[in-house]
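Numbers restart at 1 for each chain; the letters A, B, ... are given by sequence-line order, proteins then strands.
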Number of protein chains: 2
Amino acid sequence: MTQPEPALRSQILAIAQRKFIASGYHALAMREIAEALGVSKAALYYHFKDKEELFLAVLLPYLETMETTLDQITALPGSTGEHIRTFVRHVLTQPAEERAIIRLGSQELGQLSAASRKAFGKVYQEKFIGKLKALAQRGVDRGEFQPHDPEIITWALLGLMYPYFYPAHTGNRPLPEAVIESITTIFLDGIRQPKKR
Amino acid sequence: MTQPEPALRSQILAIAQRKFIASGYHALAMREIAEALGVSKAALYYHFKDKEELFLAVLLPYLETMETTLDQITALPGSTGEHIRTFVRHVLTQPAEERAIIRLGSQELGQLSAASRKAFGKVYQEKFIGKLKALAQRGVDRGEFQPHDPEIITWALLGLMYPYFYPAHTGNRPLPEAVIESITTIFLDGIRQPKKR
DNA sequence: GGGAAAACTGACCGACCGGTAAGTAAGTAT
DNA sequence: ATACTTACTTACCGGTCGGTCAGTTTTCCC
């Protein structure tokens, strides 16, 4: 059991995550979060220094778990292509409200102070983008992928998934299997080194 | 010459476009636009009913020109693949501030009133998404593309371009040719019906 | 040059925002 | 019992937002 986690604090985080995703950073008022929990607004400020800190407290843990997930996947036996396949499946089978955090991060970064932006950007690069780039690099080095720039490969993969980071796009329901299969196929066929030539 | 276009109105639109893209809908205050032009805030309200109307007046004309562009491209001789290639090149060689409008639309739609959202959504579907879906459908029908759902193909294409709709991603400079070439290749190889089997 | 319409300005408003200060009830250690 | 800490609440503040309105300047027509 996680002992030192006050009950209210985690409730705030849960509601804030849902509401930040639904509304965006500026459009969500602290008052809304407080009212949804039936507590005073000042209670939020007891647990979080300000709005930015709460926002980051929603985003950063997701990046942490993403890092361990990516590490586990790349440690698996199998080709880089299979790693990608596992990664895409993992992300897109998450609840829409989970995977939408990725979009939230990239989308609302500009609204934050320079300090927060820098802090988040560092973690984002190290724990997420960097790991994906390394995966892309590996695919290229092994001759599995065509020799594109790993950065381009990374953003191609994220871009392909991006539309499904909007909960509205699927009506908040789980993604059909056919979608996951299609975009994985498109990506892998798109970068795969052809066997015959 | 476009006669009935008041000078200030088009200046407002130009500045608003730049600033909406840089800041997002909520973060941009009407006052900022007025000050950038050296006019009073009320002058903006002389030309536009409210903030939403100004926002839509930035977005909608882009969709109009996008529609004619798409119609011109699909009327060209050549394969569907070549049409896609032309489309991607066209969009990604636009100035970053132009193509970022696509992101602005999909990103900030949720901030608008239900009425504006519906109005924009209709045009967005008809003049942009619908045309792309038709293009995808054609590729499938002609046997050029693998038989994916045209909707999935469309969002795959847009997703691949999406990272480059963030001006920050390229530092506001023109996209390197290699990027355009790479993502086009990835997309076309990804959906292309293989010749040999 | 007079008069109406068009194109603004300046001052202001109520709503709402993030954030804070002061107070308090319920534990907890001594 | 007392002193202190934790976890809040109530009340409020300065600032900013979108938007309005009465009045003033500019433009244009006759």
Trainee: So where does chain A start and stop touching DNA chain C, 5' to 3', when the test is distance under 4.0 Å to a non-hydrogen atom?
Mentor: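 Under 4.0 Å from chain A, the extent on DNA chain C is C:dC17 to C:dA21.
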
Trainee: Between D:dT16 atom P and B:Leu28 atom CG, what is the distance in whole Å?
Mentor: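 The distance from CG of B:Leu28 to P of D:dT16 comes to 15 Å, rounded to the nearest Å.
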
Trainee: Starting at the 5' end of DNA chain C and moving along, which residue's nearest nucleotide shows up first, A:Ala27 or A:Lys49?
Mentor: A:Ala27

Trainee: Is it true that the side chains of A:Tyr162 and A:Ser106 contain a donor and an acceptor less than 3.5 Å apart?
Mentor: yes

Trainee: A:Phe48 has an atom CZ; how far is it from atom C1' of D:dC8, in whole Å?
Mentor: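 Rounded to whole Å, this separation is 15 Å.
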
Trainee: Specify the separation, in whole Å, of atom CE of A:Met30 and atom P of D:dT9.
Mentor: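 Result: 14 Å.
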
Trainee: NA contact type, B:Ala29, heavy-atom cut-off 4.0 Å: base, sugar-phosphate, or nothing?
Mentor: sugar-phosphate

Trainee: Using side-chain hydrogen bond (donor to acceptor under 3.5 Å, both in side chains), reason through A:Thr68 and A:Thr65 one step at a time and then give a plain yes or no.
Mentor: CA-CA 5 Å; A:Thr68 70; A:Thr65 72; 5.8 Å; no

Trainee: How many whole angstroms separate atom OH of B:Tyr45 from atom P of D:dA22?
Mentor: 18 Å

Trainee: Contact class for B:Ala43 vs. all strands (heavy atom < 4.0 Å): base, sugar-phosphate, or nothing?
Mentor: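 The residue B:Ala43 makes base contact.
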
Trainee: Find the distance B:Ile33:CD1 to D:dG19:C1' and express it as a whole number of Å.
Mentor: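 Result: 14 Å.
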
Trainee: Has A:Tyr46 got a side-chain N or O lying under 4.0 Å from the OP1 or OP2 atom of D:dC8?
Mentor: no

Trainee: Return the 5'-most residue of the pair A:Tyr25, B:His47 with respect to DNA chain C, ranking by each residue's nearest nucleotide.
Mentor: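 The 5'-side residue here is B:His47.
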
Trainee: Within this structure, what is the NZ-to-C1' distance between A:Lys51 and D:dT16, rounded to whole angstrom?
Mentor: 13 Å

Trainee: Between A:His148 and B:Ser182, do the side chains contain an N or O donor and an N or O acceptor separated by less than 3.5 Å?
Mentor: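 A donor-acceptor contact under 3.5 Å links the two side chains.
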
Trainee: Taking atom P of D:dT20 as reference, at what distance in whole Å does atom CD of B:Glu53 sit?
Mentor: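 Distance check: B:Glu53 CD to D:dT20 P gives 12 Å.
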
Trainee: Side chains of A:Leu132 and A:Phe87: does their closest heavy-atom pair fall under 4.5 Å?
Mentor: yes

Trainee: Looking at the side chain of A:Leu8, which of D:dC8, D:dT10, D:dG18 is the nearest nucleotide?
Mentor: D:dC8

Trainee: Over all strands shown, is A:Leu54 touching base, sugar-phosphate only, or nothing at heavy-atom distances under 4.0 angstrom?
Mentor: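 The answer is nothing, as A:Leu54 stays clear of every strand by at least 4.0 Å.
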
Trainee: Can you tell which of A:Lys127, A:Gln94, A:Glu98 makes a side chain to side chain donor-acceptor pair (under 3.5 Å) with A:Tyr62?
Mentor: A:Gln94

Trainee: So, using ring-ring contact (aromatic ring centres under 6.0 Å, His included) as the criterion, who are the partners of A:Tyr25 when residues are at least two apart?
Mentor: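 Applying ring-ring contact (aromatic ring centres under 6.0 Å, His included) to A:Tyr25 gives A:Phe20, A:Phe55.
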
Trainee: Give me the atom names and distance for the closest heavy-atom approach of B:Pro61 to B:Leu56.
Mentor: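 Here B:Pro61 and B:Leu56 meet closest at CD-O, 4.0 Å.
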
Trainee: A:Ile12 has an atom CD1; how far is it from atom P of D:dA7, in whole Å?
Mentor: 12 Å

